[in-house]
Amino acid sequence: MERIILHLDMDAFFAAVEERENPQFKGMPLVVGADPKGGRGRGVVSTCNYIARKYGIHSALPISKAYELCPEAIFLPVNMELYQKVSENIMAIIKRYSPIWETVSLDEAYLDLSHIFYDRRKRSIGNLWEEAENLAKKLKKEIFEKEKLTSTVGIGPNKLIAKMAAEKAKPNGLLIIKPNQVKKFLEPLAIEDLPGIGPKTAEVLRNFGVNKIKELKKISKSKLKEIFGLVGETIYERARGVDEEEVSSEEIIKSIGKEHTFEKDTRDPEIIFGTFEKIIRDIWEELIENNFSFKTITVICRFSDFETRTKSKTEPRPLKMGGAKVKMRTKSSLPTLKEPTQDFKILKTEAKKLLLKFLIENPKLIRLIGLRITVC
DNA sequence: AAGTTCTTATTAC
DNA sequence: CTAACGGTAATAAGAACTT
């Protein structure tokens with residue numbers, strides 16, 4: 001059945017919330033992210049307002065570069081609790097517009113509107129899209145009146161098109177792409193505009209003379225599969241505006257991780273293990289809060305030259321019960337076989353063992369350490 | 001040969 | 001000098017390993 005999907009994207013969300021809370025910054029370039037520390041900061045830009053963007057600043061830009069581009073900008077730290085609260089308010093609003101919703105991040109959400117007009121469906125399909133447009137205007141208006149924040153909405157026959165429409169309409173925009181407009185909408189766009197095509201994939205495609213989605217469509221599915229594997233098949237479908245992903249609020253957490261970049265690269269064991277133990281405790285707390293168990297521990301280490309490596313260890317799983325009978329195992333018979341566990345001691349000792357290996361086998365200064373566990 | 005584990009690469013917000 | 005480059009999570013692929 002044909003669907004009508006809406007994508008909501010808050011405009012420059014973190015920066016917009018800060019502007020709202022600090023009206024004295026209105027009209028000035030505003031950057032939310034790491035502390036620039038006079039140009040020596042190690043972090044990146046989280047979000048910036050549109051004035052800052054005129055200087056070439058954007059999300060994920062190293063904060064040192066942002067400072068260089070516009071030292072007179074207002075630099076604010078990330079106040080995640082605040083944005084989280086505002087996000088909850090917004091999500092509470094949007095959920096009332098459809099029982100089928102999906103939160104993507106603090107500032108993005110999808111709604112499936114298909115069924116809304118289904119019950120009282122009157123005449124033509126075209127009418128349904130008009131009603132979707134009215135709903136979007138109402139939604140934007142309600143968010144603005146209640147939260148004083150502007151947003152952009154994209155509407156399309158699936159999540160892919162809805163998202164791309166919003167991307168093209170921002171800021172404070174509304175763009176509706178009906179099924180018969182999908183082809184015209186997509187073909188002139190750059191390949192990077194297609195979700196799933198990042199810098200690396202784009203570079204490979206450019207080497208094939210492909211720059212626009214229209215050109216991408218000339219490459220066969222089997223060729224894309226040959227070059228990019230499974231991703232290639234997805235790209236083939238997406239280039240044609242095909243996307244069957246459901247809007248669904250179910251989320252299954254598969255891993256929990258924490259990373260920390262040091263102020264300065266270091267080999268000081270006090271600093272390294274002190275930081276690491278805090279990471280271990282934080283992760284374990286989150287594990288217990290969610291009543292998860294873990295089965296794989298992965299330690300991440302980034303060296304001063306940015307080389308990033310991982311080491312992981314999986315707790316061996318219990319012997320599989322095959323078709324034939326398996327002898328009952330007694331605990332004492334498998335001292336080395338462990339099941340997924342919540343045990344803090346195991347997490348701590350195994351994680352530290354892995355980290356120690358990095359220290360032993362590599363003399364370079366360390367920039368970042370991290371820990372991730374896959375949960376079940 | 002099949003299933004697991006380990007590691008790296010890529011993407012996205 | 002020459003790049004600068006956070007934190008969190010998912011997914012895919014291939015090599016290495018175990019059974």
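Chain A is the first sequence line, chain B the second, and so forth, proteins listed ahead of strands; every chain is numbered from 1.
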Undergrad: Assuming nearest nucleotide by heavy-atom distance, tell me which of G257(A) and R302(A) is located more 5' along DNA chain C.
TA: R302(A)
Undergrad: Starting at atom NE2 of H7(A), determine the distance to atom P of dA12(B), rounded to an integer number of angstrom.
TA: 13 Å
Undergrad: At under 4.0 Å, does any side-chain N or O of T310(A) touch on OP1 or OP2 of dC6(B)?
TA: no
Undergrad: Send over the distance from F306(A) CZ to dT2(C) P, rounded to a whole Å.
TA: 17 Å
Undergrad: Show me the side-chain donor-acceptor pairs of residues 87-94 of chain A shorter than 3.5 Å, one per line, residues at least two apart or across chains.
TA:
from: S87(A); atom 1: OG; to: L106(A); atom 2: O; distance (Å): 2.7
from: N89(A); atom 1: ND2; to: E147(A); atom 2: OE2; distance (Å): 3.1

Undergrad: Taking only heavy atoms on the protein side, list every residue of residues 52-65 of chain A lying under 4.0 Å from any atom of DNA chain C, sorted numerically.
TA: A60(A), P62(A), S64(A), K65(A)
Undergrad: Taking the six-membered ring of F306(A) as reference, does the NZ or CZ atom of R302(A) fall below 6.0 Å from its centre and within a 45° cone about the axis?
TA: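 Yes, cation above the ring, under 6.0 Å and within 45°.
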Undergrad: Under the side chain to side chain donor-acceptor pair (under 3.5 Å) test, which residues partner T310(A), sequence neighbours left out?
TA: none
Undergrad: Is R240(A) positioned over the aromatic face of Y236(A), cation under 6.0 angstrom from the ring centre and no more than 45 degrees off axis?
TA: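 The answer is yes, since R240(A) meets both limits relative to Y236(A).
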Undergrad: Got a sec? Which of residues 70-85 of chain A come in under 4.0 Å of DNA chain C, heavy atoms?
TA: none
Undergrad: Classify L106(A) by what it touches in the nucleic acid, base, sugar-phosphate, or nothing, heavy-atom distance under 4.0 Å.
TA: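 No contact.
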Undergrad: Scan E68(A) against the nucleic acid and name what it touches under 4.0 Å (heavy atoms): base, sugar-phosphate only, or nothing.
TA: nothing
Undergrad: For every nucleotide of nucleotides 10-19 of chain C, 5' to 3': is a protein heavy atom under 4.0 Å from its base (B), only from its sugar-phosphate (S), or from neither (-)?
TA: SSSS------
Undergrad: Among residues at least two apart in sequence or on other chains, which ones pass side-chain contact (heavy atoms from CB on, under 4.5 Å) with D265(A)?
TA: R42(A), S304(A), L365(A), R367(A)
Undergrad: Just to be sure I understand the geometry, which residues of residues 28-47 of chain A put a non-hydrogen atom under 4.0 Å away from DNA chain C?
TA: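 By residue number: G41(A), R42(A), G43(A), V44(A).
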Undergrad: Side-chain donor-acceptor contacts of residues 33-41 of chain A below 3.5 Å, not counting sequence neighbours, with atom names and distances?
TA:
from: D35(A); atom 1: OD1; to: K37(A); atom 2: N; distance (Å): 2.9
from: K37(A); atom 1: NZ; to: E263(A); atom 2: OE1; distance (Å): 3.3
from: K37(A); atom 1: NZ; to: E263(A); atom 2: OE2; distance (Å): 3.1

Undergrad: Taking only residues two or more places apart in sequence, or in another chain, which ones meet S293(A) in a side-chain contact (heavy atoms from CB on, under 4.5 Å)?
TA: P340(A), Q342(A), C376(A)
Undergrad: From C-beta outward on H260(A), which listed nucleotide comes closest to its side chain: dG7(C), dG6(C), dC13(B)?
TA: dG7(C)
Undergrad: Within 45° of the axis and under 6.0 Å from the centre of the six-membered ring of F276(A), does NZ or CZ of K352(A) qualify?
TA: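 Negative - K352(A) is either too far from the ring of F276(A) or too far off its axis.
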Undergrad: State which residues pass side-chain contact (heavy atoms from CB on, under 4.5 Å) with E246(A); sequence neighbours excluded, sorted by chain then number.
TA: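 E246(A): no side-chain contact (heavy atoms from CB on, under 4.5 Å) contacts found.
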Undergrad: Heavy atoms within less than 4.0 Å of DNA chain C: which residues of residues 185-213 of chain A have one? Give them sorted by number.
TA: none
Undergrad: Please set out all donor-acceptor pairs under 3.5 angstrom arising from side-chain atoms of residues 59-68 of chain A, sequence neighbours excluded.
TA:
from: S59(A); atom 1: OG; to: S46(A); atom 2: O; distance (Å): 2.9
from: K65(A); atom 1: NZ; to: E68(A); atom 2: OE2; distance (Å): 3.3

